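Beneath this line is the structure, given in structure tokens, with notes to follow.
Quick caveat: nothing in here was measured; it's all calculated off a predicted structure.
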Amino acid sequence: EPLLRITITSQKLVSTCRSALERGLKVTPPGYIWKTPIFEGNVPFGLRFLVDKDIGGGRWLEVARGRFQVRSVHARTSTAQLEVDAHWTCVDGHGTEGKWLGLAPLRLLTLHFRTIGAEARIVAGAAGFEGLGQ
């Protein structure tokens, strides 16, 4: 059976396209309406990206040198230590096999505080830093 692939530029257009295809499109010859079931029309872009690029939790990501821009501290949108901007086609995910079997480097900072009293005054504190997978 023939398959029609539709590529859109915005997540906002997904429901509009899905509805139009489910209702039917008028095509030649006049009076003929083409309807079709929709496949993967309800998969969010973020999830589709993860699946297409083979990206999963704890896996390695790779972006080629010169294909990304490191965000300045003031431009970051999260508490991550490092944020970069790259075109989605430049991001490669690696499956958990061969040299990519180990955990990606992870920096873990833990803070412990001992408090007393109703005001929860801090009387002791400790910080631990651990680098994993380096």
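Side-chain contact between I38 and T36: present, with at least one pair of heavy atoms (C-beta onward) separated by less than 4.5 Å. Taking 4.5 Å as the limit, some side-chain heavy atom of E83 sits within range of a side-chain heavy atom of T77. Considering only heavy atoms from C-beta on, R59 comes within 4.5 Å of D54 through its side chain.
Summarising the geometry of L101 relative to T96, their closest heavy-atom pair is CD1-O, 3.4 Å, with the distance given to 0.1 Å. Heavy atoms only, all atoms of each residue included: L25 and A20 are closest at CD2-O, 3.9 Å.
Of the possible polar contacts, one joining the K53 side chain to the V91 backbone as a donor-acceptor pair under 3.5 Å is found.
Checked against the 6.0 Å centroid threshold, H94 and W100 count as a close aromatic pair.
In this structure, CD1 in I55 is found 11.5 Å from CD in E62, a value given to the nearest 0.5 Å.
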Exercise. Step by step, would you call R71 with V84 a side chain to side chain contact (heavy atoms under 4.5 Å, CB included)?
Worked result: CA-CA 5 Å; R71 284 190 179 185; V84 299; over 6 Å; no
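Summarising the local packing, CD of Q69 is surrounded by 12 or fewer heavy atoms from other residues, nucleotides or ligands at distances under 6.0 Å. When the shell of 6.0 Å around CZ of R67 is examined, it contains 12 or fewer heavy atoms from other residues, nucleotides or ligands.
In this view, S72 satisfies the side chain to side chain donor-acceptor pair (under 3.5 Å) rule with no residue, not counting sequence neighbours. Residues that satisfy the side chain to side chain donor-acceptor pair (under 3.5 Å) test with H87, not counting sequence neighbours, are T89. Listed by chain and residue number, nothing satisfies the side chain to side chain donor-acceptor pair (under 3.5 Å) test with D92 (two or more places apart in sequence, or in another chain).
L21 is not connected to I33 by any chain of hydrophobic side-chain contacts under 4.5 Å among Ile, Leu, Val, Met, Phe, Trp and Tyr, and they are in different clusters.
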